[in-house]
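Some notes on the structure that comes next.
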Amino acid sequence: MATCKKCGRTSKETAKVLSLCVECIRKMDKKSLVELEAVHTRSRQGFNLPASPPSSPDGIQCGLCQNKCQIPIGGRGYCGVRRNEGGHLKGGTPEEAAVSWYNDPLPTNCVADWVCAGGSGAGYPQWAYRPGPEQGYVNLAVFYQACTFDCLFCQNWHYREHSTTNQTHTAAELAEAVTAQTSCICFFGGDPTCQLPHALAASKLARPVRNSGTPGKLGKGNISNGARKQNLQRILRICWETNGSMSPDLLEKMMSLSVESGGCVKFDLKAMDANIHRALCGVDNSRTLENFAVAARHISERPEPPPLVASTLLVPGYIDALEVKAIASFIAKLDPNIPYALLGFHSDFLMTDLPSTSWKQAESCLEAATEAGLKRVRIGNVHILR
Ligand code: SF4
Ligand code: SF4
Ligand code: SF4
Ligand SMILES: [Zn+2]
């Protein structure tokens, strides 16, 4: 509960950390938006993360994401995990990533579980082991401990405590975690974007090689021959859950892997209004939207199971039906069959004073998305709704 410092209205759906209501954010000019940077700066200080993407003229440029950090010697990029050590760019490479993983029995509570091969058996028998939910198999859930955004509502914010600790694993170590029971790998976090070289390398090492060829060369570290043989001629879907901020060439690699393996790329589209996105997430949304449109061009290569899925977190007071309608219209213009999940929010990180998403909000957003022309929309996390 807070009072909006522009219009003076008090609401339980106005977050104290912003002290601005959604209507006033939509109307803000550039100058007022800059004032919001202080909120994000404070949110990052406690985790030793740079307040903004560094732009040192003598620094090394990192091109993995939209932030295009120019990192000075001894410094770190906005994500915290990429760093300049004596003129060499480190972090997120096949040799070292801040990452952890676990086996998640299928079917699992995944954003795409209602349409994907692991959750629904879509694409059986080519892409799934069973015609329904893939009981008896596991998803290797890979959590990257850094992110390129700074969302004030982050539901996984604890990763920030590990972004700069340099406790790392190689891509080969991660690939060794794939067993005969693993039928999919989901790269999420945080966000995989800032450590994509590691994730792509691990995928190539772990993936089956259906035509017996040799897996690609992948930096230092090797997966054992036994593990590699075990992975031949089998289903292993590669999926991603991301904010979509990566460079377009990396997105192409992700999409190719997902399309070829029966997996999908799940884009979290947080807001369509540029002001709301900047206020909530600290950065622009233009790259995400451009990338989503590029990803949609790959759908015809393998329409089912859907290789591209969208989701939006229904942050009370901020991501309302108006916002969802704009996002859904954008998706529908690309392809009305793209599945879209509306996710319930629970109070977290710097927005603990907000209530969880109400049924009323979820239902009005569902209606807005359907009216916008989308054919496959559903509400996720219903257990959270109030
Ligand atoms: S991944 Fe993005 S945020 Fe991280 S250093 Fe590179 S450009 Fe900066
Ligand atoms: S990782 Fe992919 S295939 Fe597995 S449950 Fe998630 S979306 Fe489905
Ligand atoms: S993009 Fe996701 S992981 Fe990154 S800060 Fe936002 S909510 Fe958190
Ligand atoms: Zn207001």
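Quick note: residue numbers are just sequence positions, from 1. In listed order, ligands and their atoms are each counted from 1.
Listed by atom number, the atoms of ligand 1 under 4.0 Å from Lys68 heavy atoms are 7 (S). Residue-ligand proximity, Gly77 to ligand 1, at heavy-atom distances under 4.0 Å covers atoms 5 (S). Taking a cut-off of under 4.0 Å to the non-hydrogen atoms of Leu64, the atoms of ligand 1 that pass are 1 (S). Residue Asn67 approaches ligand 1 through these ligand atoms, each under 4.0 Å from one of its heavy atoms: 3 (S). Counting atoms of ligand 1 from 1 in the listed order, those under 4.0 Å from a heavy atom of Tyr78 are 3 (S), 8 (Fe). Listed by number with element, the atoms of ligand 1 under 4.0 angstrom from any heavy atom of Arg82 are 4 (Fe), 5 (S).
Ser163 pairs by the side chain to side chain contact (heavy atoms under 4.5 Å, CB included) definition with Leu49, Ala146, Tyr159, not counting sequence neighbours. Not counting sequence neighbours, the partners of Phe292 by the ring-ring contact (aromatic ring centres under 6.0 Å, His included) test are Phe267, Phe330.
Separation of the Phe188 and Phe143 ring centroids falls under the 6.0 Å cut-off.
A distance limit of 4.0 angstrom between heavy atoms and ligand 3 selects the residues Cys147, Phe149, Cys151, Cys154, Tyr159, Arg160, Gly190, Asn243, Lys270.
At a threshold of 4.0 Å, the pair Arg297-Asp335 does not count as salt-bridged, since none of the basic side-chain nitrogens sits closer than that to a carboxylate oxygen. A salt bridge does not link Lys90 with Glu96: none of the charged nitrogens is closer than 4.0 Å to a carboxylate oxygen.
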- Task: Evaluate side-chain contact (heavy atoms from CB on, under 4.5 Å) for Arg376 paired with Ile338, printing each intermediate quantity in order.
- Result: CA-CA 7 Å; Arg376 299 159 98 178; Ile338 295 173; over 6 Å; no

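The two residues Ala112 and Val309 have their closest heavy-atom pair at CB-CG2, 4.1 Å. Listed here is the closest heavy atom pair of Arg237 and Ala128: NH1-CA, 3.9 Å.
The cationic atom of Arg130 (NZ for Lys, CZ for Arg) does not lie both less than 6.0 Å from the six-membered ring centre of Tyr137 and within 45° of the ring axis.
Counted by atom type alone, Arg9 and Thr14 present zero donor-acceptor pairs between their side chains at under 3.5 Å. Inspection of the Asp249 and Ser247 side chains reveals an N or O donor paired with an N or O acceptor under 3.5 Å.
The shortest side-chain heavy-atom distance between Leu196 and Trp240 falls under the 4.5 Å cut-off.
The set of protein atoms (N, O or S) found at less than 2.8 Å from atom 4 (Fe) of ligand 2 reads Cys184 SG, by chain and number.
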